[in-house]
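Remarks on the structure that follows.
Computed over heavy atoms, backbone and side chain alike; hydrogens, waters and symmetry mates excluded.
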Amino acid sequence: QARLVESGGGLVQAGDSLRLSCGASGRTLMTYSRAWFRQVPGKEREFVAFINQNGYVTFYGNAVKGRFTISRDNAKNTVYLQMNSLKAEDTAVYYCACKVGVGSYREGREYDFWGQGTQVTVSS
């Protein structure tokens with residue numbers, strides 16, 4: 001059974017940085033694309049960033065473009081999300097997801113495996 005496990009969340013102040021990690025266990029997921037989404041209670045899940053299998057292709061949501069960077073280390077089967085210049089509106093639970101198929105990278109329903117989420121709280 002494949003599992004994704006996020007880590008690195010926490011409480012920071014506006015302007016600070018955090019790096020989230022998404023490790024994988026069980027079935028080898030390192031050959032598949034991954035993405036980060038986030039969700040605030042009562043709101044829809046929001047696409048944050050995507051990275052393809054080899055790391056050469058990345059996409060970002062408009063709200064984080066220029067501040068967040070997604071990367072991966074396939075030798076460690078891990079994907080990272082470097083978050084800089086954090087804002088209060090970045091506060092959310094961040095989820096890592098893995099996509100096996102070729103559907104839209106922005107749509108959460110296209111992803112096959114999900115982590116349990118990690119809380120990021122940014123105080124203003």
Query raised in the report: Glu46 pairs by side chain to side chain donor-acceptor pair (under 3.5 Å) with which of Gln39, Arg106, Arg38?
Result: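 Going through the options one by one, the only one that passes is Arg38.
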
Please tell me whether [X] and [Y] are part of a single hydrophobic cluster in this structure, the criterion being side-chain heavy atoms less than 4.5 Å apart.
| X | Y | result |
| --- | --- | --- |
| Val93 | Val122 | no |
| Val57 | Tyr105 | yes |
| Tyr94 | Val64 | yes |

Gap between atom [atom2] of [Y] and atom [atom1] of [X] - 0.5 Å precision:
| X | Y | atom1 | atom2 | answer |
| --- | --- | --- | --- | --- |
| Ser104 | Arg109 | OG | CZ | 7.5 Å |
| Phe50 | Phe59 | CZ | CZ | 6.5 Å |
| Leu86 | Thr91 | CG | OG1 | 8.5 Å |

Any side-chain to backbone donor/acceptor pair from [X] onto [Y]? Under 3.5 Å, distance only.
| X | Y | value |
| --- | --- | --- |
| Asp16 | Gln13 | yes |
| Ser33 | Asn52 | no |
| Asp112 | Lys99 | no |
| Arg3 | Phe113 | no |
| Asn74 | Asn77 | no |
| Glu6 | Gln116 | yes |
| Thr78 | Asp73 | no |
| Tyr60 | Ile70 | yes |

Requested in this report: Could you walk me through whether Leu4 and Trp114 pass side-chain contact (heavy atoms from CB on, under 4.5 Å), step by step?
Outcome: CA-CA 6 Å; Leu4 296 174; Trp114 290 82; 5.7 Å; no

Report task. Apply side-chain contact (heavy atoms from CB on, under 4.5 Å) to Ser17 and Gln82, showing your working. Result -> CA-CA 7 Å; Ser17 298; Gln82 178 66 42; 3.9 Å; yes

Of the non-hydrogen atoms in [X] and [Y], which two are nearest, and what is the gap between them?
| X | Y | result |
| --- | --- | --- |
| Tyr111 | Ala35 | OH-CB, 3.3 Å |
| Arg34 | Cys96 | CD-SG, 4.1 Å |
| Leu81 | Ala49 | CD1-CB, 4.1 Å |
| Ala14 | Ser124 | CB-CA, 4.2 Å |

Report task. Could you go through the side-chain contact (heavy atoms from CB on, under 4.5 Å) check for Val79 and Trp36 one step at a time? Result -> CA-CA 9 Å; Val79 169; Trp36 289 94; 3.7 Å; yes

Requested in this report: Begin from the C-alpha positions of Val120 and Leu20 and carry the test side-chain contact (heavy atoms from CB on, under 4.5 Å) through to its verdict.
Outcome: CA-CA 9 Å; Val120 172; Leu20 305 183; 4.0 Å; yes

Report task. Name the orientation class of the two ring planes belonging to Phe47 and Phe37 (parallel below 30°, tilted from 30 to 60°, perpendicular beyond 60°). Result ->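 Ring orientation, 0 to 90° scale: perpendicular.
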
Query raised in the report: So do the side chains of Met83 and Arg67 get within less than 4.5 Å of each other, counting heavy atoms only?
Result: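 Answer no - side chains too far apart.
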
Query raised in the report: When you check the side-chain N and O atoms of Gln119 and Thr121, is any donor under 3.5 Å from an acceptor?
Result: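 A pair is found: one side chain offers a donor N or O, the other an acceptor, under 3.5 Å apart.
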
Query - Residues Tyr80 and Arg19: side-chain donor-acceptor under 3.5 angstrom - result: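 No donor-acceptor contact under 3.5 Å links the two side chains.
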
Query raised in the report: Quick check: are there more than 12 heavy atoms from other residues, nucleotides or ligands sitting under 6.0 Å from NZ of Lys65?
Result: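 Result for NZ/Lys65: enclosed.
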
